[in-house]
Amino acid sequence: MDLMAGPVRSKEIEILKARTDAMQKRGVTPTLKVILVGDMKASLIYTRSKKKFIENFGASCEIIHLPSSINEAEFLAEVGNVVGDDSVHGLFVQLPLPKHLSHIDVGDLIPGHKDVDGFNQKNIYELFKGDRGDKALLPCTPKGIITLLHHYNIGLDGKNVVILGRSEIVGRPMALLLLNHNATVTVCHSKTQNIKAITGNADIIISAIGRAKFLDRSFLGDKKPVIVDVGINHDDAGKLCGDVNYDDVKDLCSAISPVPGGVGPMTILSLAQNLLQATEMSL
Ligand code: NAP
C-alpha cells in the first residue's frame, strides 16, 4: 500500500475550511506571514506551495520577500514588526537563511503562540513533557507523519519504530512525538553501528537522512515493516527521489510513503493546521 498524502489532504481541507469559516463569522481571518530571504529556487517553490494551500481554504498568507543582502539588524527588525502585528496569527522564517544570517536561531525569534513551525522552545518543551499537539504547535514534518499513519490506520502503541536521522527538524522531534504516542523508539545516525540489524527488527522505519535511495532491501528483515520516506533528494539522473529505493523495497514492506506525494505535502498540511490552532488559541 502506498501512503499517499492526497486522500488525507482532501479530507482534512474540508475540516480546515469549516474551522476558517467559523472564525470568519467572528470577523477573524487566520493570517500567516512568511519571511523569505534571498532567491533560493527550492525556498521560492516551497513558500509558494504553502501560500497556495493556505489560501485554498480561505485563510490569508503573505510572503515577505527580503533581499539576500539584508543585514542582521534589518532582518531582526522585519521579524520584530511581524511578531508585534496583532493581525498576524502565525509566522515562520523559510530556511535556510543566507550564510551571514544562518547563526540566528529563528525558533527563539518567534513567540510560542505564533510559532507555526513548532521550533520555539515553549512548544518543544510541551512536546518533551508528553504533549501530542493539544497545547503545543508541533513541528510540521513529524506532525504530518503522525497524521499520515493515523489516516491509514497504522497504530503506534507498542510498535518498534526506528528513525534514521537525528536532526532538529525531523529526527529528534519525531522521536519525542512517537514516544508520546506510546511507540518504542530507536534513533539511528551516522555513528550508529550495525544499522541493518536495528532496521531489520522494526515495525515502522522512518528515514530522514537526505541520501538518495539509501535504504534498500538489505535494511529489511522478515517483518514487512511500514516505511516512511522523509528524504527529498535527486538521483543520478536528476530525478526527485527519497531516501528509500522504492522499487527495491516495495514488495518487502506492508506500506510505504512515496516521494513525491507522501511526507512533503503532509508537512504543508501540518503548517495549515498549526495556523488554525494558533488563530483559535488567540481568540
Ligand atoms: P539533516 O539535518 O541533513 O541530518 C541528516 C541526519 O541523517 C543526521 O542526523 C545524520 O547523522 C543522519 N545520517 C546521515 N547519513 C547517515 C547514514 N548513512 N546512516 C544513518 N544516519 C545518517 O536532516 P534533515 O534536515 O532532517 O533532512 C533529512 C532529509 O529529509 C533531507 O533529504 C531533507 O530534504 C528531507 N526533509 C524533508 C521534509 C519534508 O517535508 N518531506 C522536511 C524536512 C526535511 P549525524 O547526526 O550523525 O550527522
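Scope of the values below: all heavy atoms of this structure, side chains included, with no hydrogens, waters or symmetry mates. The chain is numbered in sequence order, starting from 1.
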| query | Do the side-chain N and O atoms of Thr141 and Thr267 include a donor-acceptor pair separated by under 3.5 angstrom? | reply | yes
| remark: Taken in chain and number order and not counting sequence neighbours, the residues that satisfy salt bridge (Lys or Arg N to Asp or Glu O under 4.0 Å) with Glu126 are Lys129
| task | Just jot down the side-chain contact (heavy atoms from CB on, under 4.5 Å) partners of Pro260, sequence neighbours excluded, or say none. | result | Leu240
| query | Side chain of Asn120, backbone of Asp108: donor and acceptor closer than 3.5 Å? | reply | no
| Donor-acceptor under 3.5 Å (His189 side chain, Lys191 main chain) | yes
| message | Check whether Phe53 forms a cation-pi arrangement with Arg48 (NZ or CZ under 6.0 Å from the six-membered ring centre, at most 45° off the ring normal). | response | no
| field | Between NZ on residue Lys17 and CD on residue Glu12, distance to nearest 0.5 Å | value | 13.0 Å
| said: With a 6.0 Å cut-off (strictly less than), is the heavy-atom count around CG of Asp105, excluding the residue itself, greater than 12? | reply: yes
| said: With side-chain hydrogen bond (donor to acceptor under 3.5 Å, both in side chains) as the criterion, how do Ser60 and Thr29 come out once you've worked through the C-alpha distance, each side chain's angles and the decisive distance to 0.1 Å? | reply: CA-CA 7 Å; Ser60 160; Thr29 296; over 6 Å; no
| Are any side-chain N or O atoms of Arg132 and backbone N or O atoms of Leu177, one a donor and one an acceptor, separated by less than 3.5 Å? | no
| query | Which residues pass the salt bridge (Lys or Arg N to Asp or Glu O under 4.0 Å) test with Lys224, sequence neighbours left out? | reply | none
| request: Hey, could you give me the CD1/SG distance between Ile204 and Cys253, rounded to the nearest 0.5 Å? | output: 12.0 Å
| query | Charged N to carboxylate O below 4.0 Å: is that the case for Lys213 and Asp243? | reply | no
| message | Quick one: does any side-chain atom of Lys51 pair with a main-chain N or O of Cys61 as donor and acceptor, under 3.5 Å? | response | yes
| query | Less than 4.0 Å between a side-chain N and a carboxylate O, is that true for Arg217 and Asp248? | reply | yes
| field | Side-chain (Arg172) to main-chain (Arg166) donor-acceptor, under 3.5 angstrom | value | yes
| message | So does Gly112 get a backbone contact from the side chain of Asn123, meaning a donor-acceptor N/O pair under 3.5 Å? | response | yes
| said: Looking at Gln24 and Pro30, would you say the former's side chain and the latter's main chain have a donor-acceptor pair under 3.5 Å? | reply: no
| message | Walk me through whether Lys159 and Thr184 qualify under side-chain hydrogen bond (donor to acceptor under 3.5 Å, both in side chains). | response | CA-CA 6 Å; Lys159 292 287 172 63; Thr184 302; over 6 Å; no
| request: Would you indicate whether Tyr152, at its atom OH, is surrounded by more than 12 heavy atoms from other residues, nucleotides or ligands within a distance under 6.0 Å? | output: yes
| message | For Asp157 and His181: C-alpha separation, side-chain torsions, deciding distance, then whether side-chain contact (heavy atoms from CB on, under 4.5 Å) applies. | response | CA-CA 6 Å; Asp157 225 84; His181 283 271; over 6 Å; no
| Would a distance-only check, ignoring hydrogens and angles, find a side-chain to backbone donor-acceptor pair under 3.5 Å from Ser270 to Gly144? | yes
| Under the 3.5 angstrom rule, does the side chain of Asn274 hit a backbone N or O of Leu138 as a donor-acceptor pair? | yes
| task | Indicate yes or no: at least one non-hydrogen side-chain atom of Leu178 is less than 4.5 angstrom from one of Ile146. | result | yes
| How many angstroms lie between atom NZ of Lys114 and atom NE2 of His89, to the nearest 0.5 angstrom? | 8.0 Å
| said: Under the rule for side-chain contact (heavy atoms from CB on, under 4.5 Å), what residues qualify as partners of Ile169, not counting sequence neighbours? | reply: Phe119, Ser167
| message | Is there a path of hydrophobic side-chain contacts, each under 4.5 Å between heavy atoms, that joins Leu179 and Val230? | response | yes
| Other than Leu164, which residues form its hydrophobic cluster under the rule that side-chain heavy atoms must be closer than 4.5 Å? | Val162, Ile195, Ile198, Ile205, Ile209, Phe214, Leu215, Phe219, Leu220, Ile227, Val244, Tyr246, Val249, Leu252, Ile256
| said: Applying side-chain hydrogen bond (donor to acceptor under 3.5 Å, both in side chains) to Asp39 and His65, what does each step give before you reach the verdict? | reply: CA-CA 9 Å; Asp39 294 307; His65 196 168; 3.1 Å; yes
| field | Results of side-chain contact (heavy atoms from CB on, under 4.5 Å) for Thr47 - residues two or more places apart only | value | Val34, Leu36, Ile63, Gln94
| Under 3.5 Å, is there a donor-acceptor pair between the side chain of Asp117 and the main chain of Cys140? | no
